[in-house]
Amino acid sequence: MPNAQGIARWAALQCTQLSKYEQRVAEIDAEIRDLPRASDLDARGTHGYHSDFTTDSRSNWIELSWPDGQWVDSLALIPTRINTQSGVFANYGFPRSFFVEAIDTQGRSMQIAEVADTRLDLRWGDPLFLRFPRCHLRRLRITPTDLPELKDKKNVRGFSLAECLVFDQKVNRAPASTLSAAFSIDGESGWNIRYLTDMQSPLGPPEKGSVGESLGWHSDLLVIAQQSPWIEIDLGHIREFDAFRFFGARGDSPIKGPGFGFPQRMRVEVRSGIDDSPVVVWDSGNEMIPNPGYNVIDVAISRTRARYVRLVVEKPDQPDVLTIPRVLISEWEVRDGLHNVALHCNVSSNDGYDSIPHDSKRVWSRKGINDGYTSSGCIMSDYEWIVGLSRRFDLLVERDALSKKIAAIDSRSRRIANSLLIAALSLIIASLVLMLRRSHWQNAKKIKELRMSISSDLHDEVGSNLATISLLADLPQGSEEGGKLKEVKRLATETSLSLREIVDLTLADRTRRPLIERMRDIASLMLCDHQWHLDVGDPPELGPLQRRDFIFYFKEALHNIIQHASAKRVTIRIFVVEKRVHLEIQDNGRGFEYDHARSLLTLHQRATSLGGILQVETGRGKGTCLRLDFPFTAQKP
């Protein structure tokens with residue numbers, strides 16, 4: 001009902017908060033467009049921290065400490081996402097509520113934050129970000145107060161986090177902390193308390209927006225087969241730096257999944273001049289580097305000054321003997337604090353080409369290793385990324401609540417509009433019905449007035465003339481003329497009575513003579529030359545239409561006796577038995593040969609109109625007996 005919808009929306013905009021809610025939804029949509037989005041796949045890497053399984057929640061705390069003290073002003077927690085045979089658990093072991101307490105450098109205990117509802121019903125691995133007044137702490141403890149029960153295990157709970165970030169002025173200070181917990185499962189693959197600050201989580205790397213032209217660096221397979229592949233960044237002049245950050249490649253298939261091609265062993269060499277001997281500032285060692293998935297690996301080094309920074313891959317990625325060794329790195333940052341000093345600097349390598357195509361739009365290239373883009377977005381700071389993801393979640397929660405309010409207002413407005421529309425239509429229909437009934441009543445009144453006028457004219461004019469004829473027939477005449485005039489008088493009287501019957505029927509509200517009296521009048525007039533007797537049982541009073549058909553039948557029967565029977569005596573009996581009227585008319589006339597298909601057709605027609613049955617008993621010289629039987633319809637009062 002388009003009209004009803006339009007009315008409902010107009011009324012809702014005028015009388016409710018609908019316009020305010022819709023404006024806020026539009027503002028949310030506009031803000032969300034500029035916020036980062038978490039990876040749509042599990043970035044893999046390490047799982048994170050996992051507590052013991054307990055029956056309560058508070059015993060599963062974790063703690064970060066800085067012996068010399070650390071200024072902090074915000075905290076971020078990233079839920080763990082695990083895949084099991086039962087499905088994907090995006091908030092595995094994440095608390096519904098928790099509080100954060102601390103000990104400052106003066107030894108004072110304080111509670112710096114509390115979350116009563118983490119909204120696990122809407123959270124899909126989204127990070128939770130908290131701001132609090134900046135304070136100088138030695139220890140910071142996170143204590144859950146309501147952990148969900150494990151699936152199919154009543155009253156069994158565990159605390160799990162993929163990542164914990166503690167910021168001071170937008171710098172993540174958690175990696176420099178000492179981690180401790182009431183209990184930590186450190187022996188199982190992927191679980192260790194130290195993974196709590198390794199920046200590997202299901203959310204992927206800190207990125208947002210559209211992708212770049214290059215997916216990153218893909219080393220030459222021929223070079224890998226012959227020597228160690230390397231790639232070198234020329235910083236342009238001698239620069240200072242204190243860390244490296246390596247980004248794994250995204251991968252786009254089950255075989256080439258997140259982190260595919262990330263080196264298993266590598267080292268970083270630096271030189272101040274082109275002819276200087278290289279100095280190794282970092283070496284991954286003999287142990288294999290765990291695949292970071294689509295995440296980052298942060299490497300802190302002593303503060304170094306150099307111009308040329310070379311990454312040498314000592315062992316490419318080769319998951320099994322059937323897979324060709326490869327080297328894929330989405331991005332390599334040379335960092336001075338939070339600043340990437342290698343961004344867009346000149347790059348060289350021992351590859352035999354500058355780039356190789358990936359698909360119709362994107363390539364792998366050596367310059368893609370420091371273009372500021374991961375495989376799927378523009379790199380941003382950890383702080384802005386976490387704040388943006390948390391803000392996105394808060395906005396989505398707010399939009400969900402507003403959408404429900406808008407839907408409720410819309411539904412209520414539609415119901416009200418439909419009800420009003422139905423009421424208006426009902427009123428219109430009722431008005432039309434009343435107008436039709438009024439018009440029908442007026443037409444019926446006019447017809448009644450016309451019928452009364454016609455009946456009155458018939459009665460006054462025709463009845464008057466017939467009465468005059470009857471009076472003239474009573475004047476003295478000769479014997480022959482007297483007989484004819486007597487017949488004229490009888491016909492005039494009969495016509496007058498018939499006219500009265502028609503007038504009575506036309507004017508339904510006019511008082512009529514009782515049926516038996518009317519039959520006596522007819523019999524006395526039509527059988528004036530016969531001996532007749534009327535025997536009445538329980539006299540019926542018929543409705544107008546049945547009375548008319550009955551009178552016509554009765555007069556037709558008597559008329560046949562007068563015209564054809566040559567009878568001297570006529571006996572009439574009428575009585576009612578079980579709501580059926582029985583009429584017998586018997587004469588002692590000459591009778592006739594009765595044929596049902598050809599005889600007394602008019603009487604049979606009248607009997608059918610009454611819904612009755614006519615039986616005829618006759619024969620030559622035996623007289624005739626007519627028996628009419630029909631259902632009795634009482635006259636309405």
Side-chain angles (χ1 to χ4, degrees), residues 28 31-49 62 64 70-81 90-91 94-95 98 100 112-113 115 118-120 122-134 137 140 142 160-177 179 195-209 243 245 247-248 292-298 331 333 335 337-340 372-374 376-398:
I28 290 173
E31 184 177 353
I32 283 179
R33 283 195 292 269
D34 294 328
L35 293 176
R37 180 191 299 271
S39 174
D40 56 359
L41 53 74
D42 187 346
R44 299 185 187 175
T46 58
H47 292 322
Y49 157 79
I62 59 174
L64 297 87
Q70 175 62 57
W71 288 96
V72 297
D73 57 20
S74 54
L75 168 71
L77 304 179
I78 300 179
T80 303
R81 182 189 304 173
N91 303 306
F94 200 75
F98 66 93
V100 182
I112 58 176
V115 178
T118 61
R119 297 308 305 267
L120 286 182
L122 296 174
R123 193 176 295 274
W124 181 253
D126 303 274
L128 187 149
F129 180 77
L130 297 173
R131 286 190 179 92
F132 42 80
R134 189 168 185 251
L137 305 179
L140 183 148
I142 302 167
S160 175
L161 282 178
E163 195 73 15
C164 177
L165 300 92
V166 181
F167 293 100
D168 176 48
Q169 298 180 344
K170 301 183 180 182
V171 178
N172 181 18
R173 303 299 183 179
S177 68
L179 298 169
Y195 296 152
L196 193 59
T197 58
D198 65 354
M199 281 304 294
Q200 295 187 29
S201 76
L203 303 181
E207 62 181 13
K208 74 169 185 177
R245 174 169 274 197
F247 291 75
Y294 187 42
N295 281 295
V296 302
I297 290 183
D298 284 315
E331 186 80 0
E333 292 185 345
R335 298 167 68 98
L338 298 179
H339 180 56
N340 177 19
Y373 286 88
T374 65
S376 57
C378 179
I379 297 173
M380 59 191 306
S381 72
D382 296 343
Y383 181 84
E384 291 175 346
W385 176 63
I386 285 291
V387 170
L389 290 177
S390 179
R391 178 61 176 167
R392 170 183 283 272
F393 174 76
D394 293 340
L395 291 174
L396 290 177
V397 171
E398 182 183 357

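Numbers here simply count residues along the sequence, with the first being 1.
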Is the shortest distance from a Lys or Arg side-chain nitrogen in E31 or R391 to a carboxylate oxygen in the other one below 4.0 Å?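 Yes, charged N to carboxylate O under 4.0 Å.
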Working to the nearest 0.5 angstrom, can you tell me the gap between [X] [atom1] and [Y] [atom2]?
{"X": "S201", "Y": "L77", "atom1": "OG", "atom2": "CG", "result": "12.0 Å"}
{"X": "R81", "Y": "N91", "atom1": "CZ", "atom2": "CG", "result": "9.0 Å"}
{"X": "L179", "Y": "C164", "atom1": "CG", "atom2": "SG", "result": "8.0 Å"}
{"X": "T80", "Y": "E163", "atom1": "OG1", "atom2": "CD", "result": "9.5 Å"}
{"X": "I78", "Y": "L203", "atom1": "CD1", "atom2": "CG", "result": "5.0 Å"}
{"X": "K208", "Y": "D34", "atom1": "NZ", "atom2": "CG", "result": "6.5 Å"}

Distance-only, no hydrogens or angles: does the [X] side chain make a donor-acceptor pair with backbone N or O of [Y] under 3.5 Å?
{"X": "Q200", "Y": "R44", "value": "no"}
{"X": "T118", "Y": "P95", "value": "yes"}
{"X": "N295", "Y": "P292", "value": "yes"}

Evaluate the side-chain proximity of [Y] to [X]: yes if any heavy-atom separation is below 4.5 Å, no if none is.
{"X": "D298", "Y": "P175", "answer": "no"}
{"X": "L122", "Y": "L396", "answer": "no"}
{"X": "S177", "Y": "Q70", "answer": "no"}
{"X": "W385", "Y": "L389", "answer": "yes"}
{"X": "L161", "Y": "F94", "answer": "yes"}
{"X": "V296", "Y": "P206", "answer": "yes"}
{"X": "L128", "Y": "F98", "answer": "yes"}
{"X": "W71", "Y": "R134", "answer": "yes"}

What pairs with E398 under side-chain hydrogen bond (donor to acceptor under 3.5 Å, both in side chains), at least two apart in sequence or on another chain?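 For E398 the side-chain hydrogen bond (donor to acceptor under 3.5 Å, both in side chains) partners, ignoring immediate neighbours, are R24.
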Aromatic ring centroids of F129 and Y383 under 6.0 Å?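 F129 vs Y383: aromatic centres under 6.0 Å.
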For I112 and L130, run side chain to side chain contact (heavy atoms under 4.5 Å, CB included): C-alpha distance rounded to whole Å, both residues' side-chain angles, the deciding distance at 0.1 Å, then the answer. CA-CA 10 Å; I112 58 176; L130 297 173; over 6 Å; no
Please evaluate residues M199 and L165 with respect to the criterion side chain to side chain contact (heavy atoms under 4.5 Å, CB included), reporting the C-alpha separation (whole Å), side-chain torsions for both, the decisive distance (0.1 Å), and the verdict. CA-CA 8 Å; M199 281 304 294; L165 300 92; 3.6 Å; yes
Start with the C-alpha distance between F247 and I379, add both sets of side-chain angles, then the distance that settles side chain to side chain contact (heavy atoms under 4.5 Å, CB included), and finish with yes or no. CA-CA 10 Å; F247 291 75; I379 297 173; 3.8 Å; yes
Of R245, R335, R173, the residue whose pairing with D382 passes salt bridge (Lys or Arg N to Asp or Glu O under 4.0 Å):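 The option that passes is R245.
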Quick check: closest heavy atoms across E331 and Y373, and the distance to 0.1 Å?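 Distance-wise, the nearest heavy atoms are OE1-O, 3.1 Å.
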For the residue pair G48 and Y195, what are the closest heavy atoms and their distance?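 Looking at all heavy atoms of both residues, the closest pair is CA-CB, 3.8 Å.
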In terms of side-chain heavy atoms, does S376 have a donor or acceptor partner in Y294 at a distance below 3.5 Å?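 Checked: S376/Y294 side chains pair up, N/O donor to acceptor below 3.5 Å.
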